[in-house]
Number of protein chains: 2
Amino acid sequence: MQGVETTRVAGAGSGLTERQGAVLEQALRLLVDGGERALTTAGVARAANCSKESLYKWFGDRDGLLSAMIAFQASKVRTLDVSAEALDAAGLRAHLVAFAEDLLNVLAGDVSLALNRLAIGQASREGSKLGRLLEERGRRQIGRRAGALLEAGRKAGLLAFGDADEAYGALYGLVVSDWHLRMLLGEDPGGLKKNFGRRAERAVDAFLALYGRKG
Amino acid sequence: MQGVETTRVAGAGSGLTERQGAVLEQALRLLVDGGERALTTAGVARAANCSKESLYKWFGDRDGLLSAMIAFQASKVRTLDVSAEALDAAGLRAHLVAFAEDLLNVLAGDVSLALNRLAIGQASREGSKLGRLLEERGRRQIGRRAGALLEAGRKAGLLAFGDADEAYGALYGLVVSDWHLRMLLGEDPGGLKKNFGRRAERAVDAFLALYGRKG
DNA sequence: CTCCATCAGTACCGTACGGTACGGTTCGCC
DNA sequence: GGCGAACCGTACCGTACGGTACTGATGGAG
């Protein structure tokens, strides 16, 4: 398990070796299990069977490690593009419901919650560098998927809206409401994931009532 | 400035002396300015011109101090009850818009953001005690105001909804969308507060399109 | 075989924090 | 005036963390 390593982690051209990816995986596990206080350099080194010196060599700094964790996690989540098939009303609704349910499941994920908590905790100092990173890598991705979907709906004459951002904001708000914040605050999400499908359908129906062309 | 102190802080029956309230005020200032890392016992003692010993005597613990800060801040924010006047459509809309704008302004407040960041940062460990406290003291309050408003609208035949919680969730989502999270992540709210009025109106119009009786 | 780069493991250092203990001072009360 | 309670300021202690330096082992390159 030593010597020069040349194989790189696939995807995103992240420039990380597999070893470094495994280290980041362990770091994410520590973060999810114990929060930011559990994410110490010594702890990561112990959990990943590597030396602290290597951590500093690879990531330069503790903040570098945090940034690498966010980038690494984002590189693993790839949003599938919406197929450019011809949309009818039922198809659009199905796509929207699927998007809404995916959104809820992503936001409720362990790693997502832990990384959001981490970035929020560091938002006060350091100019919210992690926050911007998280927003760029996470939100922008899912926003693009939604934007493409909404645009396709408008092209097909099924949706009517002036500002796509406003329509997306309404969809996001109807789907998520204050759930994300409540989960971030630690509210037990036990069993609530069962209702995500129903919740997604209700939100999409409301969205279509607002922006659909044939009510 | 010493000796037995008997005067108590008004409201909420908090059982805090004025001195202790002033200390909590300074603690909140430190938290707002520098985040959780700046909120050290020594720092609070220095900023408030008190001794660490007194801090531990009054609040018992660092977590006790944090809890007291949340309770103290919540005791200062009192939501005005909606007047039980007869509502017409324009009046209901005005009330809803005022509520929405107040909600945005509260969520965008310095102290609110700092306390939410604090509670979220501690959500991983400690069983999210602070999160539950924050939710109970903050969210429940504003939720009651909204609930009363919605109920008044239904009584007046201006709103139609089956589940009041669901209607409130839709209103909240349309008003806030992902703004709260973005502000928690550190996105610069500079100048955005100017748009709160316009944003509130748009959200309320959408809400009324969904739940209003005469579209 | 020999050199060299990489890495794990550990010891180490400076610092900062939570929490406690102590001396000195002010104030109310008898 | 004297007593006691509350309190400030500071010193102190144990601990834990970020970051660095050193040692020894491993495996590839010439």
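Chain A is the first sequence line, chain B the second, and so forth, proteins listed ahead of strands; every chain is numbered from 1. Since this is a predicted model, take the numbers as computed values, not measurements.
For the pair B:Trp58 and D:dC7, the criterion of a side-chain N or O lying under 4.0 Å from OP1 or OP2 is met. Taking 4.0 angstrom as the limit, B:Ser51 places none of its side-chain polar atoms (N or O) nearer than this to OP1 or OP2 of D:dG9.
When rounded to the nearest whole Å, the span between CD of B:Gln20 and C1' of D:dA6 equals 12 Å. Look at CZ on B:Arg19: it is 15 Å from C1' on C:dC27, rounded to the nearest Å. Taking atom CZ on B:Arg46 and atom P on D:dG9, their separation rounds to 11 Å, with Å as the unit. Counting to the nearest Å, the C1' atom of C:dC7 and the CZ atom of A:Phe59 are 14 Å from each other.
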Give the B/S/- string for nucleotides 16-22 of chain D, one per nucleotide from 5' to 3', where a protein heavy atom under 4.0 Å of the base yields B, of only the sugar-phosphate yields S, and otherwise -.
-> -SBBBBB
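Taking the salt bridge (Lys or Arg N to Asp or Glu O under 4.0 Å) definition, one finds that A:Lys155 meets it with nothing, sequence neighbours left out. With sequence neighbours left out, A:Ala71 forms a side-chain contact (heavy atoms from CB on, under 4.5 Å) with A:Arg137. In terms of the salt bridge (Lys or Arg N to Asp or Glu O under 4.0 Å) criterion, residue partners of B:Arg29 (sequence neighbours excluded) are, by chain and number, B:Asp33. Looking at residues two or more places apart in sequence or on another chain, you find no salt bridge (Lys or Arg N to Asp or Glu O under 4.0 Å) involving B:Arg46.
Using a 4.0 Å cut-off between charged nitrogen and carboxylate oxygen, B:Arg198 and B:Glu201 do not count as a salt-bridge pair.
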Could you pull out every donor-acceptor pair under 3.5 Å between side chains of residues 112-125 of chain B and any protein atom, sequence neighbours left out?
residue, atom, partner, partner atom, Å
B:Ser112, OG, B:Val106, O, 3.4
B:Ser112, OG, B:Asn116, ND2, 3.4
B:Asn116, ND2, B:Ser112, O, 2.8
B:Arg117, NE, B:Leu184, O, 2.8
B:Arg117, NH2, B:Met183, O, 2.9
B:Gln122, NE2, B:Glu36, OE2, 2.8

